[in-house]
Every structure is written in structure tokens, then in C-alpha cells.
K.L.:
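Input: one structure, supplied below.
Start at 1 and go down the list; that is how both ligands and their atoms are numbered. Worth knowing before you read on, the calculation uses all heavy atoms, side chains too, and leaves out hydrogens, waters and symmetry mates. Being a predicted model, the structure only gives us computed values, none of them experimental. Residue numbers run from 1 in the order of the sequence given.
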Amino acid sequence: MSNSFVLKGCIAFSDSSKSIVTFNKGYVVSVDGVCQGAFPDLPERYNNLPLVDYGNKLIIPGMTDLHVHAPQYTFRGIGMDKELLDWLNIYTFPEEAKYSDMDYATKAYTYFSEDLRRCFTTRAVVFATIHNDATIELMNQLEKTGVITYVGKVNMDRNGGKNLEEENAQTSLQATIQWLDEIEGKYKNTKPIITPRFIPSCSDELMKGLGALSKERGLRIQSHLSENKSEIAWVQELVPQSSCYANAYEMFDAMGSKEYPTIMAHCVYSDRLEMQILKKHGVFIAHCADSNMNLTSGIAPVRRFLDLGINVGLGTDVSAGSSLNMVKTMLITLQASKMYYRLVDTDVKPLTFEEVFYLATEGGGKYFGKVGSFKAGYDFDAVVIDDSKMFSMRDMSVRERIERMCYNDADAIIKDKYVQGNRIFTKIE
Ligand code: GUN
Ligand code: FE
């Protein structure tokens, strides 16, 4: 099938963070992989395009996972009894150290890539490990899935233990340049991103070098920010001249710009000052509610980020988050925000379903450009969902059905998935 076609079905997409547009048995049109809009009746000018009738199935925009660690996928769901710093040292760093072995990396990344292809995610921003060869293997595999990604070879020149540490700032920078040179021009769907793990993993010299490299090559940066109180206190000791954790990244020129936005995962404890810094640079916050629950980190004040006009999307943060399922991530985001309102601050109203649907689709999609909606001009990324296993005693509206899918994700079966008008997954019956 070419990437010019019409899909017919039960359509839902965000037209803003506050509202979802739905069409029961409506039409959504792709021309050369670009969405022409969604319609209750098919405009005549599209009559000659091939049409796929999905009947009563749901058709929604693809979702963006703004923060996920590929090498942690195969140990998801175990080792959930520790908080961040112990979790990293005891479980995560020893696991990531295994990616120096290419047999191990190839096998594990095959599982990750295949499952990413099958889930609700059409775009993802991914951490690999410090190892160049394994990172390139991951990029090769992701390229084949058709999912559009940014992938980062991780930088760490301190506090990783003896098996997950680069020798010094210079060797880490050289390895990064070598990695970038090796993959230059190799992929269509897979882009590199500079990835200092977080301040405790990177010396001042390395951070400065990575900030400069990103500017020099016009590359984006991803990292972690203000996830856990012990982590934040440690950063203050490591960079005592900084006024806050975000300012430490700012000092090293790692906060990016509106043109090349940085992604910061978590921001659970970001205060007003830190939020102002994030806004000033156009940073995207990857909100990772599942991870923040599992590692007993806390709950990020997402409503405050939105009120300030800061860019926000959702991240699974596998494997601190236990699943690649973005619909499950939406549910945990909703539940976390309800508890933040109830237990932490009654001035911060819970996120609405509309807002969380927006965050999972267009909120994170914006990082990739015009992505995450069926408005005209957006990339045609779509997921077709069969929810017929969820019996109801009455007719449900499309809006009710997508809310029900979120609260009951196990019975939402992905039928087809499209990225830029290419069908990259279809469920064999
Ligand atoms: N901070 C630094 N590294 C990590 C990681 O791998 N996962 C999470 N959740 N936080 C981090
Ligand atoms: Fe993370």
C-alpha cells in the first residue's frame, strides 16, 4: 500500500490539551504520509484514494515515549525494592555493563525493538549504554522497526563502578565523536542524541565537552533532572556553585534551545526557579509517573508545568517504569495526579483525561515536529485498536471508549500501526 489512503473507523485525537475531537465512523486521510485532517464525511477530493474500513475499531494518533532505557527492558519488573541511587548501583549498572558483550546486546535489543514495534509507541527517545558497538546495534535494529527514534550512546566518566565507567572525560568525548562519525548518514528513522546520564555520572569537564559538542554539531541532548531527593543533594555537593540542579546543566550549556530542545526526565522536585529555567530554554519534560512510583521518588507537579507553558510529554522510563505500554503510562499519570491533588496540594487540580491523552500523543509528539494529532499537516502516525473484548450493555461514545481503554488497557488490542503513512505493524489474526 502507498502512503496515500483513507482510513475509516472511530476516530479520536486532541485538538488542544483541553479537548478531544471524535468521529464515530469517520475518516482520516494520509497523502504521502502527511495527514490531511479527519472528517465526519469523506470530502469528495479524496474519493479516488484507497480506503481501509476498520468498522467499529478505534483509530488514534501514535504515541510518543519521551524517555526509555532500551538496555533495561529485559530486566523490567524486578528489583523494585530500592530507591534511585541504590537501584542504579545494585541492579541497573551491573545490567548495563553486560552490553560490552555483543551477543548479549544483540539478543536483548532484538526483544526490545520487536516489542517497541508492537506497542502504542510510534516515536521514542531512547537511552542505550556507554558502549558504541551495542548502541549501533540498537540503532540498526530500531531502524528496521519503522518507529522513529532518537537514540543516545550514554556518557559516564564517574560513579558507575568499575564496569560501567569511561576512563575520563576525553575518552568519553572521543568515543562519542567516533560513534557519531560511524553512524553519519546511515539511517532514515533513527537519529543520534547526546546523552549525559545525569550530573553524578559526568565530570564537569565531560559535561562541558558534551554541551560544546551538541552546539557544534546541532545535536539535541537528553538527561535526568530532579528525580529523587538524595540525588538532588548529591548534585548540590558535586556542583556547589549551581543555584539548583537545572542551573548545573545550564552552566555546562546542556539545556538546549527552542530549536534544539533538551529532554529532561522526571523533574519531580523542580521548584519555581527550576521551572523558569526549563521554560526559558524550551526544555521538554518527560514525565515518568510509573517510574516515580516504583522507585518511591515522588509525583511531579505536571499541572504546574502546563500552567507555565512548559513542554511536557510522557515517558515509560523502562525499567524503572515496568512497561512499554503508553496507555498504561497514561493511567498511572492520571492516578498519580489525582493523589498529588488529594495528598500533597489541593491547589493543584488533577489532570483531566483530555490532558493526559494530549500528553501521550501531541504533548510528546511536538518534540518530533507536527506529530501526535490528526490535524491537517501532521505526520500520519496512527494506531488502530480493537476494543471489542470490552463488553458493554449499551452503546458507548468514542470518547468513553478511549477512556475505558486507558483504565482497562489489557483488553485493547492493537490491530495496525502506521508511521508517516507506512504500516509498520499488523496483527495477524
Ligand atoms: N538517573 C540516572 N540514570 C537513571 C536511570 O537509568 N533510570 C532512572 N529512572 N533514573 C536515572
Ligand atoms: Fe531514566
Side-chain angles (χ1 to χ4, degrees), residues 65-99 108 112 124-131 135 138 150-161 163-166 193-203 206-207 210 221-235 238 245-246 248-249 254 262-270 284-300 313-324 329 332 336 364:
D65 187 344
L66 266 192
H67 183 73
V68 52
H69 297 259
Q72 298 174 12
Y73 184 58
T74 56
F75 87 115
R76 68 199 181 284
I78 53 173
M80 289 295 172
D81 55 337
K82 299 277 186 261
E83 294 191 22
L84 176 66
L85 299 176
D86 284 342
W87 177 81
L88 288 170
N89 288 323
I90 295 168
Y91 301 118
T92 309
F93 291 169
E95 176 63 25
E96 289 194 17
K98 295 177 188 168
Y99 286 71
F112 173 76
V125 188
V126 184
F127 275 57
T129 62
I130 61 172
H131 312 97
T135 302
L138 173 63
Y150 284 88
V151 178
K153 168 240 175 306
V154 176
N155 295 92
M156 304 172 70
D157 70 342
R158 65 179 178 190
N159 298 314
N163 292 323
L164 198 68
E165 224 172 74
E166 298 168 292
I193 181 167
I194 301 291
T195 306
R197 182 170 211 122
F198 66 159
I199 296 261
S201 299
C202 301
S203 64
L206 178 54
M207 285 303 307
L210 293 171
I221 295 176
Q222 62 176 345
S223 197
H224 295 90
L225 177 66
S226 298
E227 176 177 4
N228 164 292
K229 286 190 175 171
S230 307
E231 171 211 19
I232 295 167
W234 193 15
V235 170
L238 291 167
Y245 196 162
Y249 283 114
T262 290
I263 294 178
M264 284 295 171
H266 306 301
C267 304
V268 172
Y269 293 103
S270 296
F284 276 71
I285 295 175
H287 172 54
C288 306
D290 186 18
S291 160
N292 297 155
M293 298 281 194
N294 289 335
L295 298 187
T296 330
S297 299
I299 303 173
L314 303 183
T316 60
D317 196 24
V318 155
S319 73
S322 61
S323 162
L324 286 177
T329 303
I332 298 170

K.L.:
Any side-chain heavy-atom pair from Tyr150 and Ile263 closer than 4.5 angstrom?
P.N.:
no
K.L.:
Write down the atom of Trp87, the atom of Ser319, and the distance for their closest heavy-atom approach.
P.N.:
CZ2-OG, 3.7 Å
K.L.:
Would you mind listing which atoms of ligand 1 come within a distance below 4.0 Å of any non-hydrogen atom of Ala320?
P.N.:
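So the answer, numbered in order with elements, is 9 (N).
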K.L.:
What closest approach, in Å, do Ile199 and Arg158 show between heavy atoms, and which atom pair accounts for it?
P.N.:
O-NH2, 2.8 Å
K.L.:
Taking side chain as C-beta onward, heavy atoms only, is Glu95 less than 4.5 Å from Thr74?
P.N.:
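When only atoms from C-beta onward are counted, Thr74 and Glu95 do touch, with a gap below 4.5 Å.
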K.L.:
Does only the side chain of Glu231 get under 4.0 Å from ligand 1, or the backbone, or both, or neither? Count heavy atoms.
P.N.:
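The answer is neither; Glu231 stays 4.0 Å or more away.
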K.L.:
N/O of Glu227 under 3.5 Å from N/O of ligand 1, yes or no?
P.N.:
yes
K.L.:
Mind checking whether the Fe ion (ligand 2) has an N, O or S of Glu227 under 2.8 Å?
P.N.:
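For Glu227, the answer is no, given that no N, O or S atom comes within less than 2.8 Å of the Fe ion (ligand 2).
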K.L.:
Counting non-hydrogen protein atoms only, what is the nearest one to atom 3 (N) of ligand 1? Give residue, atom name and distance.
P.N.:
Arg197 NE, 2.8 Å
K.L.:
Looking at ligand 1, does any of its N/O atoms fall within less than 3.5 Å of an N/O of Asp317?
P.N.:
yes
K.L.:
What atom name does the N, O or S atom of His69 nearest to the Fe ion (ligand 2) carry?
P.N.:
NE2
K.L.:
Please could you name the atoms of ligand 1 that Phe198 approaches to less than 4.0 Å, counting only its heavy atoms?
P.N.:
1 (N), 2 (C)
K.L.:
With the Fe ion (ligand 2) as the reference point, give the N/O/S atom of Asp317 that is nearest.
P.N.:
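Going by distance to the Fe ion (ligand 2), the closest N, O or S atom in Asp317 is OD1.
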K.L.:
Should the pair Tyr245 and Tyr249 be assigned to parallel (<30°), tilted (30 to 60°) or perpendicular (>60°) ring geometry?
P.N.:
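The arrangement is parallel - the two ring planes meet at less than 30°.
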K.L.:
Could you tell me if any non-hydrogen atom of Trp87 lies under 4.0 Å from any atom of ligand 1?
P.N.:
yes
K.L.:
For the residue pair Ala124 and Val68, what are the closest heavy atoms and their distance?
P.N.:
CB-CG1, 4.4 Å
K.L.:
Would His224 count as a contact for the Fe ion (ligand 2), in the sense that one of its N, O or S atoms lies under 2.8 Å from it?
P.N.:
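Looking at His224, which is the residue asked about, there is an N, O or S atom under 2.8 Å from the Fe ion (ligand 2).
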K.L.:
Is there an N/O/S atom in Cys288 at a distance below 2.8 Å from the Fe ion (ligand 2)?
P.N.:
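So Cys288 does not bind the Fe ion (ligand 2) by this criterion.
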K.L.:
Which ligand 1 atoms does Leu84 reach within 4.0 Å, using its non-hydrogen atoms?
P.N.:
8 (C), 10 (N), 11 (C)
K.L.:
Quick one, Leu295 and Glu227 - any side-chain contact, counting heavy atoms below 4.5 Å?
P.N.:
yes
K.L.:
Kindly assign one of parallel, tilted or perpendicular to the pair Phe127 and His224, based on the angle between their ring planes and the thresholds 30° and 60°.
P.N.:
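Rings of Phe127 and His224: tilted, 30 to 60°.
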K.L.:
What heavy-atom pair brings Ala286 and His67 nearest, and what distance separates the two atoms?
P.N.:
CB-CB, 3.7 Å
K.L.:
So if I count the atoms of ligand 1 from 1 in the order they appear, which ones are less than 4.0 Å from some heavy atom of His69?
P.N.:
5 (C), 6 (O), 7 (N)
